[in-house]
Amino acid sequence: MTDSEVRVRIAPSPTGYFHVGTARTAIFNWLYARKMGGRFFLRIEDTDRDRSKREYVDIVLDGLRWLGLDWDDEPIFQSQRFDSYKPVAQELLAEGKAYRCFCSPEELNRKRQQAQKEKRNYRYDRTCRDLTETQIRERLDTGIPFVVRLKLPSTGTVGFDDVVLGKAQKAYEDLDDFIILKSDGNAVYNFAVVVDDHDMGITHVIRGNDHVANTYLQKELYQALGFKLPVFAHVPLILRPDRSKVSKRKSDKGVTDYQQEGYLPETLLNFLALLGWSPKDDREKMSRAELIEAFSLEAINAANAIFDPEKLTWLNGEYIRDKSNHELAKLVAPILIERQFSTKYALETRWQWFMQVIGALKERCKLVSEFADKGAYFFIDEFDYDVKGVKKRFGKPGVRENLTLLYERFDNITDFTEATTEEALRELVDELDCKPAELIHPTRLAVSGLTGGPSLFLLLELVGQQQVIARMKRAVAYIEKMGE
RNA sequence: GUCCCCAUCGUCUAGUCUGGCCCAGGACACCGCCCUUUCACGGCGGCGACACGAGUUCAAAUCUCGUUGGGGACGCCA
């Protein structure tokens with residue numbers, strides 16, 4: 001690694017859910033690395049065995065891959081670095097910058113509750129900070145478990161420069177001699193992060209602003225250890241419409257959910273990149289390359305942002321319309337197969353037709369899954385009629401007769417196309433001396449079950465002569481039954 | 001509760017650092033109109049914000065202070 005090289009990382013903890021906030025932080029880190037010609041690393045923070053499961057790691061990895069956020073080198077697992085922390089803590093202990101604390105969790109808890117009761121702000125009272133050598137020996141010999149705490153000054157302030165927030169500072173009085181090593185000898189998050197970031201040569205720490213409180217503590221560690229301080233950039237949080245933090249517990253959607261619902265990776269990448277950051281011009285739709293080109297840490301906002309699902313959906317519609325029919329067909333096929341609307345074989349043998357169907361539906365779909373929702377009738381014959389549509393289109397007098405006359409004409413067409421079906425319908429319109437709409441709407445409902453959709457004549461051609469006639473007959477029978 | 005951070009349309013934001021070009025620009029959503037066999041797409045137009053109060057200044061969305069509101073952190077979790 002060279003001195004000038006930018007090295008950033010995303011450090012997710014695998015909880016079985018790929019948080020949009022994590023994804024957005026990953027995007028910012030990735031964009032910055034790619035923009036600066038630097039390196040983007042992945043570090044899995046899996047030291048909490050209770051919560052971290054192996055298969056959960058894949059959820060994060062798959063999500064990152066799906067978004068196209070390629071990371072450099074192999075991911076680093078914090079759980080495999082357990083041994084790296086202890087020696088560093090020993091060093092701190094030896095230098096008198098840290099000390100052993102023999103206070104029991106119960107005792108601490110009691111004090112914490114007491115403080116809360118008295119409405120005081122709780123801080124560790126530093127009971128063990130000035131234990132003599134012999135006192136420490138005694139306790140060690142008795143086998144009392146201990147944690148290691150970092151010594152902090154009691155007066156003055158800590159501060160750091162943040163690219164997003166500017167200067168942030170806090171009084172030492174509000175800070176604790178925090179624990180760096182648990183009684184089981186393992187590192188606590190704030191300690192592990194500093195050691196890891198240093199060992200990985202991280203130059204820029206770009207993370208959510210829910211970490212600013214940690215940063216003051218971590219800065220103390222950097223100083224005690226003589227490590228070079230990285231550049232900090234605390235990015236705003238993503239909030240739900242009710243302004244609270246997006247979370248799995250509130251059953252908010254994760255990246256995986258958006259993927260499954262039919263959102264495109266380029267949509268999510270683009271949308272998330274624009275939450276808390278802006279290119280400073282009017283661009284809303286930006287490609288990967290444009291995002292990299294325009295990105296800068298300085299342009300990141302300090303204010304938290306609310307996730308607007310409607311805007312996300314709009315953007316997705318934009319991206320869908322940009323895609324070729326072939327690309328979309330490839331994305332829609334698995335959904336059709338999964339819903340048993342079609343089979344792989346059937347789609348492959350009618351690929352040209354399938355692409356036409358996709359083309360007909362394209363500007364009406366904002367989600368990939370909508371092609372299956374709104375175009376089911378292209379693949380299956382059994383569908384219900386839209387309830388409102390039935391009232392409006394099948395309820396009028398003469399509809400049954402007109403539909404009958406029309407399908408008879410359709411039956412006589414030798415080359416059943418968009419043009420010939422239109423010709424046949426318009427001819428009948430002339431003879432009946434009615435409005436085109438009087439035939440068009442009931443026919444659409446009969447053939448598709450819906451009141452809206454692609455141009456009727458294109459729709460007829462794509463559904464095919466036999467199906468069209470069969471469905472119109474079915475509709476006539478249905479209307480007859482209605483009348484009874 | 002304590003500490004920290006934040007504050008422009010309902011939402012995402014430009015403008016704030018480097019006061020005047022801003023009676024505030026764009027986008028989503030919403031509402032109209034146009035296109036049209038429907039639904040969409042597209043085009044055009046509309047609605048809609050500088051949280052409040054002081055101060056500094058010839059001039060404040062922009063600077064300062066306060067108030068209010070919102071968020072976050074307060075674990076031998078990460």
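Reminder, nothing fancy here: chain letters follow the sequence lines and each chain counts from 1.
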Sugar-phosphate or base contact per nucleotide [nucleotides 37-50 of chain B; S, B, -; heavy atom under 4.0 Å]: BBBBSS--------
A:Ile10 CD1 to B:A78 P: how many Å, rounded? 17 Å
Does OP1 or OP2 of B:C5 have a side-chain N or O of A:Lys170 closer than 4.0 Å? no
Answer for the Watson-Crick or wobble partner of B:C28, both distances under 3.5 Å, is B:G10
Name the pairing partner of B:C33, where a pair is Watson-Crick or G-U wobble with both distances under 3.5 Å, or state none. B:G43
Any ion pair linking A:Asp242 and A:Arg240 (charged N to carboxylate O, less than 4.0 Å)? yes
Taking A:Lys366 first and then A:Glu310, would you say they form a salt bridge - that is, a charged N and a carboxylate O separated by under 4.0 Å? no
Upstream residue (5' side of RNA chain B) when A:Ala302 and A:Val147 are each assigned their closest nucleotide: A:Ala302
Take atom CD of A:Glu173 as the centre, draw a 6.0 Å sphere, and report whether it contains more than 12 heavy atoms from other residues, nucleotides or ligands. no
Value in whole Å for how far the C1' atom of B:C77 lies from CZ of A:Phe178: 15 Å
On RNA chain B, does the nearest nucleotide to A:Ser104 precede the nearest nucleotide to A:Asp242 from the 5' side, or the other way round? Give the residue. A:Asp242
Rounded to whole Å, please give me the gap between CG in A:Asp176 and P in B:A73. 17 Å
Is the distance from OP1 or OP2 of B:G75 to the nearest side-chain N or O of A:Arg112 less than 4.0 Å? yes
In Watson-Crick or G-U wobble terms, both distances under 3.5 Å, what is the partner of B:U18? none
Provide the distance between the two C1' atoms, one in B:U64 and one in B:G19, to the nearest whole Å. 13 Å
Are A:Lys311 and A:Phe271 in a cation-pi contact, defined as NZ or CZ under 6.0 Å from the six-membered ring centre and within 45° of the axis? no
Can you tell me, in whole Å, how much space there is between the P of B:U18 and that of B:C63? 9 Å
Close aromatic pair by centroid cut-off 6.0 Å: A:Phe232 and A:Tyr216: no
Hunt down the Watson-Crick or G-U wobble partner of B:U2, both distances under 3.5 Å, from any strand shown, or write none. B:A73
Is it true that A:Glu290 and A:Arg288 make a salt bridge, defined as a side-chain N closer than 4.0 Å to a carboxylate O? no
Answer for the Watson-Crick or wobble partner of B:U57, both distances under 3.5 Å, is none
Fit a plane to each ring of A:Phe295 and A:Tyr32, take the angle between them on a 0 to 90° scale, and name the class: parallel (under 30°), tilted (30 to 60°) or perpendicular (over 60°). perpendicular
Looking for any heavy atom pair under 4.0 Å, which part of the strands does A:Glu173 touch: base, sugar-phosphate only, or nothing? nothing
Which value, in whole Å, describes the distance between the P atoms of nucleotides B:A7 and B:G15? 13 Å
So, OP1 or OP2 of B:A73: does either fall under 4.0 Å of a side-chain N or O from A:Lys245? yes
Using atom C1' of each nucleotide, how far apart are B:C58 and B:G42 to the nearest Å? 49 Å
Between B:A40 and B:C35, how far is it from one C1' atom to the other, in whole Å? 12 Å
Are A:Arg9 and A:Phe41 in a cation-pi contact, defined as NZ or CZ under 6.0 Å from the six-membered ring centre and within 45° of the axis? no
Suppose you measure atom P in B:C21 against the same atom in B:U2; what distance do you get, rounded to whole Å? 42 Å
Would you call A:Arg321 and A:Tyr319 a side-chain contact if the rule is heavy atoms closer than 4.5 Å? no
Distance, C1' atom - from B:G10 to B:A29, rounded to whole angstrom: 8 Å
What is the separation between atom CD on A:Gln113 and atom C1' on B:G75, rounded to the nearest whole Å? 13 Å
Both distances below 3.5 Å, Watson-Crick or wobble geometry, any strand: find the nucleotide opposite B:C52. B:G66
CG of A:Leu175 versus C1' of B:U2: gap in Å, rounded? 13 Å
Using a cutoff of under 3.5 Å, can you pull out all pairs of nitrogen or oxygen atoms linking the protein to nucleotides 10-17 of chain B, with atom names and distances?
unit_1 : atom_1 : unit_2   : atom_2 : d
B:U11  : OP1    : A:Arg243 : NH2    : 3.0
B:C12  : OP1    : A:Ile306 : N      : 3.0
B:C12  : O2'    : A:Leu274 : O      : 3.3
B:C12  : O2     : A:Lys311 : NZ     : 3.2
B:U13  : OP1    : A:Gly276 : N      : 2.4
B:A14  : OP2    : A:Asn301 : ND2    : 3.4
B:G15  : OP2    : A:Lys280 : NZ     : 3.1

For A:Lys248, does the NZ atom sit with more than 12 other heavy atoms under 6.0 Å from it, leaving out its own atoms? yes
Please report the distance, rounded to the nearest Å, between CG in A:Leu217 and C1' in B:C76. 15 Å
Looking at A:Tyr17 versus A:Tyr56, is the centre-to-centre ring distance below 6.0 Å? no
Atom NE2 of A:His211 and atom P of B:C5 are separated, to the nearest Å, by 18 Å
Between B:G20 and B:C74, how many Å separate the two P atoms, rounded to a whole number? 41 Å
Interatomic distance, A:Gln218 CD vs B:A73 P [rounded to whole Å]: 14 Å
Can you tell me which residue among A:Lys151, A:Arg129, A:Arg149 is in a salt bridge (Lys or Arg N to Asp or Glu O under 4.0 Å) with A:Asp177? A:Arg129
